[in-house]
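Worth knowing before you read on, the calculation uses all heavy atoms, side chains too, and leaves out hydrogens, waters and symmetry mates. Residue numbering restarts at 1 for every chain, and letters A, B, ... go by the order of the sequence lines. Since we're looking at a predicted model, the values are computed, not measured.
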Amino acid sequence: MARQGYAFTGKSFGYVFQLAQPENTVIKMDYRKFRKQADFEDYRALFEDSGWRHLSGTKSSGYQYFKKAAENGDEDIFSDVDSKAARYKRLSDMWISLASAFIPIFAVLISTGSINSAALFNPKLLYYTPGLWEQSGAAFWRSFLFETPFAVGRGFIWLLIPAMIILYALFAFKANQQYKRTHEGIR
Amino acid sequence: MKRDKHLPLTETVYYILLALKEPAHGYLIMQKVEELSGGQVRMAAGTLYGAVENLLKLQFIEPVASEDSRRKVYVITAQGMDILRLDFERMNHMIEVTKAALR
C-alpha cells in the first residue's frame, strides 16, 4: 500500500489509510496486552529506541503496529524464530480465552431452559400476537413483519453465542497453526 | 548430580544476563549484547522484549528504580548470577575436554 501512495495511519474498525508520497517501507505487527500504562510506555520506548515508530495500538488493544523509522534499522521486530512464533501463541491464547468466556454464558442459557428448541422446528411458536395466523392480506403482513424481528430475537439470538465460540475457537486454531508453522521455520 | 533444568542457556539469554551485571534498560541491553558478542548477536526489539519478560518470570533479573520515566531498568539477581556461573562452568568444561581431545 505504501508503495502505491497510501500511508497506514491507524486502525479502528478497519485499517485507515491516507494519501501520501509513495514510499518503500516496512510495517510490522506484534500482539501484546499490558497490565499497566508504564509497561506499555516501556515497550513503546524500546521499539522507538530501536528505530521503529509506533503506528497503532493501545495498552489493551493487543495488536501493535510499528513502522520502520531508522534508515539503518532492523528489517523485522523479531530476530529469532522462537520469538516470531511466540507472537502467534499469544494471539491464539487470546482467542481461546475469548471463546471460553462465552462457554459459561452458553451453559447458563441451556441450564435455565432459556433456549426454546421446539421453535427451531416450529418458528410459529415465536409469534405472540393473538390471532396472527388467522389474519389475512395486508393486516397479516403488517403484524407479521412487525413481529418478525422480535420473533427472531426470541428464537435465534442465542445462536450468536455458540457461533462466537466456534468462530473464536477457529481463529485460535488458525493462530496456533501459524505458531507451529513458524516454529518449524516454514513461512 | 541432576543438572539445573534451565541449562544450557541460549546464546542470547547468556549475553543478556552477562550484560545485566550492571543495571540497564531495554535498548542498552541490546547494544551491550551486540558488543559483548562481537557483533554476532543482534537482537530485534520484539525478541528482546520477550526475552526480558521471560527472564523476569524466571527471577533471573529484576527491575530497579530508574530516573528514566519511560524506560524500565533491570539488573541480574543472585539467582541469575548462579545460573550464569553454572552455564559458564558447563562451557568451560566443554572447552577443557575439547582442548585435551584435539591436542
Side-chain angles (χ1 to χ4, degrees), chain A residues 26-57 59 62-70 72-94 178-179 182-183 185, chain B residues 5-20 22-75:
Chain A
V26 180
I27 293 177
K28 293 285 169 185
M29 187 203 83
D30 193 8
Y31 186 85
R32 243 176 219 292
K33 285 186 179 182
F34 302 89
R35 270 196 214 109
K36 296 191 212 121
Q37 186 66 26
D39 294 344
F40 180 51
E41 283 303 323
D42 172 59
Y43 170 78
R44 287 203 304 179
L46 173 63
F47 276 78
E48 281 162 23
D49 290 344
S50 327
W52 295 91
R53 194 157 64 82
H54 189 249
L55 280 182
S56 173
K59 182 178 139 248
Y63 296 95
Q64 309 290 344
Y65 293 88
F66 293 96
K67 182 180 172 180
K68 186 179 166 179
N72 51 356
D74 299 318
E75 288 293 312
D76 198 348
I77 56 172
F78 298 110
S79 51
D80 65 27
V81 178
D82 283 349
S83 57
K84 205 180 166 77
R87 172 185 56 181
Y88 294 112
K89 182 80 185 131
R90 290 193 293 276
L91 197 56
S92 171
D93 289 349
M94 181 274 290
Q178 195 70 38
Y179 167 62
T182 309
H183 230 291
Chain B
K5 68 175 160 52
H6 299 294
L7 291 181
L9 298 174
T10 63
E11 195 179 9
T12 45
V13 164
Y14 188 92
Y15 281 125
I16 293 172
L17 289 177
L18 197 59
L20 284 179
E22 306 288 326
H25 61 65
Y27 186 60
L28 193 56
I29 300 175
M30 283 164 69
Q31 289 177 314
K32 280 190 171 180
V33 165
E34 187 172 351
E35 192 189 303
L36 285 169
S37 67
Q40 294 287 307
V41 180
R42 293 202 61 220
M43 299 187 78
T47 301
L48 179 91
Y49 192 86
V52 163
E53 193 183 41
N54 195 36
L55 289 173
L56 281 169
K57 216 179 284 167
L58 291 170
Q59 296 183 334
F60 289 168
I61 63 172
E62 62 188 2
V64 289
S66 80
E67 281 140 43
D68 197 319
S69 58
R70 281 192 84 193
R71 293 162 187 81
K72 294 200 173 175
V73 174
Y74 306 96
V75 76

message = So which atom in B:A44 and which in A:D74 form the shortest heavy-atom distance, rounded to 0.1 Å?
response = CA-OD2, 3.8 Å
ask   = Under 4.5 Å between any side-chain heavy atoms of B:R71 and A:D49, yes or no?
value = yes
ask   = Side chain, backbone, both or neither: which part of A:D39 has an atom under 4.5 Å from a heavy atom of chain B?
value = both
query = Heavy-atom distance under 4.5 Å to chain B: side chain of A:E48, backbone, both or neither?
reply = side chain
query = Under a 4.5 Å heavy-atom cut-off, does chain A meet the side chain of B:M43, its backbone, both or neither?
reply = both
key: Neighbour count >12 (heavy atoms, 6.0 Å) for atom CD, A:Q37   = yes
query = If you round to the nearest 0.5 Å, how far is CG of A:D80 from CG of B:L48?
reply = 10.5 Å
query = Can you check whether A:S79's main-chain N or O pairs, donor with acceptor, with B:T47's side chain at less than 3.5 Å?
reply = yes
key: Contacts with chain B made by residues 26-36 of chain A (heavy-atom distance under 4.5 Å), listed by residue number   = A:R32, A:F34
List, one per line, each side-chain donor-acceptor pair under 3.5 Å for residues 6-18 of chain B, sequence neighbours excluded.
from, atom 1, to, atom 2, distance (Å)
B:T10, OG1, B:T12, OG1, 3.2
B:T10, OG1, B:V13, N, 3.2

request  = Report yes or no: does A:D42 contribute a side-chain atom to a donor-acceptor pair with the main-chain N or O of B:K72 at less than 3.5 Å?
outcome  = yes
